[in-house]
Structure formats: structure tokens, C-alpha cells
Amino acid sequence: MINKNFLWGTATASYQCEGGWNEGGRVPSLWDVYLHENNLENGNDASDHYHKYKEDIRLMKEGGHKAYRFSIAWPRIIINDKGEVNPEGVQFYHNIIDECLKNGIEPFVTLFHWDLPQYLEDKGGWAEREICDAYVEYAKVCFKEYGDKVTYWSTFNEPRYYVFSGYKIGNYPPGIDDTQKTIQASFYMMLANALTVGVFREMKMKGQIGIVHSYAPIFGVDDSLETKIAMRKADNYFNNWILDTAIKGEIPIDMLGMLNEKYDLSFMKEADFEAIKNNTVDFAGLNYYARALIKPYTGGESILRINNKGSEAKGSSKVVVKGWFEQVFDNPDSTYTEWDTEIYPQGLYHGIIRAYEKYKVPIFITENGVAFYEDVPNEKSVDDQGRIHFLNEHINAILNAIDDGAEVLGYFIWSTMDLYSWKNGHEKRYGLVGVDFENNFERKPKASYYWYKKVCESNGTAIERS
Ligand code: NOJ
């Protein structure tokens, strides 16, 4: 049965919605510098949430939402490598949190959704051990400031996307292809997660702390042994190095063994493994967009081509991890979004059941949603029936998993309003509320916003079940 306090909400991230990139004492993040230097579409203004947060939170309230998942921008809070705190930045999130509480909305706070201060990137970013201390100090400031008001904390949003895109695929900053650094950054992020959970316990914070993962439940093309072995490697690659590490305190040992054959893992210290073992999270935040359909590796070099831009995207994805597995993107029985993401709600049902059986911690679906090209400027209210259908099918999958015993305590649609989708810019629209980026960022709730209001207010009974 669904919990009566189930958190129905929507989600955003600081860099993707705030704008005000050089206001209120904020210093540049690595995204600002990377996008400006390469002359790419940026989030300087994003959805102007920095100035319109009151309107956005009012819309959440009127839309029946119970919670708002957002992230704190580290470059607004700590403005140099001496750890100097920026009071104006601190105040901004007090304002957001207070506005939420005033409107009966539970703030669900992420500490890191990718906007690393550039002054830390200049020192080597996540690939260097020093970052862990800087992160812990930043987290402490947030706990101290907002701890009395916030119950739900997440340390990181999607370590896999951040690290693999930045250090291996190279399509996100710092934009390199270096497997040794990919491994280091992955490890230091998970270590920083554990150290921060430790501090959270030491400071006797009320509430709970979790991690948010880009969950790709693994499916195989057949039942053969080769496929099963490939699936295990894929599960390590996609999921286990984050979820096993954060929730069980164990980095998958078979994965470490494989990496150790080719790379230098001597930077991992005994005390680090101990910290990871002793400081595990309270809940799993799972972002679900699609499953990963896996077949055995057939040969050739590694290829990691996903999330490609606009018209080139459809049919262009390819993932081969040399010696490990290949991912199938052209399943004839599936439909795919304009950005080549498979639409597969059953994957969410199975993913939740598996995660709950394996980890036995409460689960929040911290992101789920679908992007379309939409003509917001020229429409009064976008009639996004496709999104409504997509969301209905996915919420139905969650409710089925709850009926079958999984403890799912909340659901957040990505995204609250249209926003800046990293390298896909603003044209990839996910919002329940449309944003007219050309006309003073005017908010225009879509049909899905009114539909979701009924879902929230009925605690899910408005969902068509199957
Ligand atoms: C995951 C990320 O958390 C978010 O930043 C991104 O925009 C969405 N997924 C959509 O791709």
C-alpha cells in the first residue's frame, strides 16, 4: 500500500534552472568556464529560477506537490579554496527552503549536482584526493545552516554520469578521455560520500542521507552463460560501484580485480575502504529513464556514444566496453525518444524490486520523465499527452512494485519546469511547466501539470492501473 505521506514532487538542479550565474557572489563553476570557453549554449540564465523561485514554488503548491528536489550550488556557498563562505549564497537557499516550508513542500536537497567550483577543478577536481576534504567542509556548512529545516539530504546526483561523461566520454567538463582518472574520480566521489555520511552522523543531524544514482536495471538478450557474465560486468559498470559501495559499504570485488589487471589502484588506501564500510547511506535515490539491454562483447575498441544532440541523436547510440559487454539500442520491440532513450516502464518495476531485495533500504524515485521538442512560445498551454502517458506508465510500475512489497517513499518528475539540459541545451524540454525562454522566462503550465495535480492530490489513485 502506498504510504499516506508519499512524497509526490518534481526535481531540478541548480545550474540547470537557476541562472543568475554571476549574481549574489556566486563564483564560476567548471560548467561556466567550459561552456564559455568553448562558446557553447550555456545556463547563464537557465530558467531564471534565481529570480522566480517564489512563483515556481507557488506553482508547486497549486499543483498539489508535496516535495521539491533541488540542488545547492557549491559555487554560491564556498567561494574560494580557503573555504570562505558567501553569506548571500547561504541566504538564497534559506529563502528557497523557507518558501517551500511555508507552502507545505518538503525540501529534498542534493549537495552536488555537478556544478563544481572552477577553483577546485583547477586543482584537479574529482580526480584528486584533496577534493574529498573540500567537499566534506562544504557539506558541513550546509548541514549547519539548513539542518534544522531539511529532513532529506542526498550527497551526490548521478556519480556515473558526471564521472564517465567528464573523464571518459569527454562530452562534459573537464572533457577528457583518461581511464585512470575515471577510476580515481569514481573512487574519490564514493569516498567523499562515505566521509560526508560519517560527518552527518557525528553532527547528529536529524533526518536521512542518501545518494542519487542514474539507475539502469540490467536485462540480457538471452539466458546463456556468456550473456549472464556480460550482465554482471554491465551491472558493475552501470550500478554496483555506486549502490553496493554507498549502501552496503562494499566496492564490487570482481570489478576491482578486473580493473587492477590494467590500472594502478594503489591510490586506494585501507583506511578508505574502512570509511566506506562504516558509513553507509539511509536510502537509495534512483533516477530512472531506461534499462540497459546487454549482450556479450563481440570485439573492437570501447565506444561510449549516448545522449547525442538533437536530430543526430536518433539511432546513433552505441556502447561497447572492451572485454566486458555491449549494450543493445535497436530492440525492434521497443520505442525510443527523440534522444534515443528506450521507453521501458517495466524496467522500473523490475529495477525497484531488485534493488529493494538486494539492499533493503527505502527507495525514492528521484528522477523520471521524458523530453520532447515543444513549441512553448507559441502555445498557451502545451498539450503534452505523450508525457502524460509516459508518466502514467512509470508511476503504474512504481505502484505495482509497492503492491509487491517494495518500500518506495517518493517520486520526483524531472523536471519542475523546462530547463537547461547540459549539452542538449534548452530545446530538450522536460518540464511540467513550460518556460518561454524568449519572453521573460514566462511560466506556462502544460497539460501534464494539471494531470499530475490530480495524481498528487489523490495520492496516486488517479493513475490508470495495469
Ligand atoms: C539526469 C540528471 O540528473 C539531470 O541533470 C539531467 O538533465 C536529466 N537526467 C535528464 O537527462
Side-chain angles (χ1 to χ4, degrees), residues 9-19 29-32 34-35 40-43 46-47 49 68-74 108-116 154-166 169 171-173 189 210-217 238-239 242-243 284-292 304-310 313 317 336-344 347-348 351 364-374 387 390-391 394 410-433 435:
T10 57
T12 64
S14 44
Y15 185 73
Q16 295 184 265
C17 74
E18 285 177 5
S29 74
L30 86 169
W31 276 96
D32 297 292
Y34 167 84
L35 295 168
L40 294 164
E41 186 174 348
N42 61 52
S47 318
H49 185 62
Y68 175 37
R69 175 173 175 250
F70 62 92
S71 72
I72 295 178
W74 190 347
F108 200 100
V109 176
T110 310
L111 288 169
F112 184 78
H113 199 129
W114 305 356
D115 40 3
L116 183 72
S154 315
T155 51
F156 289 96
N157 176 74
E158 297 197 350
R160 170 164 65 84
Y161 254 94
Y162 181 88
V163 172
F164 287 12
S165 303
I169 302 173
N171 60 337
Y172 286 6
M189 212 173 248
I211 193 162
V212 171
H213 169 53
S214 44
Y215 191 31
F238 281 106
N239 302 309
I242 295 157
L243 295 180
L286 303 178
N287 292 353
Y288 180 80
Y289 291 89
R291 65 169 173 174
L304 301 172
R305 199 164 61 228
I306 43 160
N307 205 15
N308 304 301
K309 200 170 157 59
S317 305
Y336 293 83
T337 71
E338 293 291 338
W339 285 266
D340 220 22
T341 305
E342 187 184 11
I343 300 179
Y344 198 72
L348 180 53
F364 292 88
I365 302 303
T366 32
E367 279 182 38
N368 173 236
V370 61
F372 292 106
Y373 293 104
E374 290 166 331
R387 178 172 291 109
F390 177 99
L391 296 172
H394 285 79
Y411 171 76
F412 295 83
I413 292 175
W414 184 269
S415 49
T416 309
M417 77 295 275
D418 291 336
L419 38 67
Y420 171 75
S421 276
W422 310 111
K423 295 291 280 293
N424 284 300
H426 296 82
E427 66 179 6
K428 191 178 187 187
R429 292 179 184 266
Y430 278 97
L432 292 187
V433 174
V435 173

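These numbers come from the heavy atoms of this one structure, side chains and all, not from hydrogens, waters or symmetry mates. In listed order, ligands and their atoms are each counted from 1.
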Under a 4.0 Å threshold between the charged nitrogen and the carboxylate oxygen, would E374 count as salt-bridged to R387? yes
For E158, the ligand 1 atoms whose distance to one of its heavy atoms is below 4.0 Å: 1 (C), 2 (C), 3 (O)
Does one side chain, of T110 or S71, offer a donor that lies under 3.5 Å from an acceptor on the other? no
Do the side chain of Y420 and the main chain of E41 share a donor and acceptor less than 3.5 angstrom apart? yes
Could you tell me the residue and atom name of the protein heavy atom closest to atom 10 (C) of ligand 1, and the distance to it rounded to 0.1 Å? Y430 OH, 3.3 Å
Verify the ring-centre separation between W422 and Y162: is it less than 6.0 angstrom? no
Could you measure the distance from the CZ atom of R69 to the CD1 atom of I365? Nearest 0.5 Å is fine. 11.5 Å
Polar-atom distance check: W114 versus ligand 1, any N or O pair below 3.5 Å? no
Taking both backbone and side-chain atoms of S421, is any N or O found less than 3.5 Å from an N or O belonging to ligand 1? no
Considering non-hydrogen atoms of the protein only, which is the closest contact for atom 5 (O) of ligand 1, and what is the distance? Q16 OE1, 2.6 Å
Hey, can you tell me if H213 and Y215 have their rings parallel, tilted or perpendicular (30° and 60° cut-offs)? tilted
Hey, is Y161 touching ligand 1 through its side chain, its backbone, both or neither, going by heavy atoms under 4.0 Å? neither
Show the atoms of ligand 1 that are less than 4.0 angstrom away from any heavy atom in H113. 2 (C), 3 (O), 4 (C), 5 (O)
Please state which protein non-hydrogen atom is closest to atom 9 (N) of ligand 1 and give its distance, to 0.1 Å? E367 OE1, 3.0 Å
For the rings on F70 and F108, is their centre-to-centre separation under 6.0 Å? no
Under a 4.0 angstrom heavy-atom cut-off, which atoms of ligand 1 come close to N157? 2 (C), 3 (O)
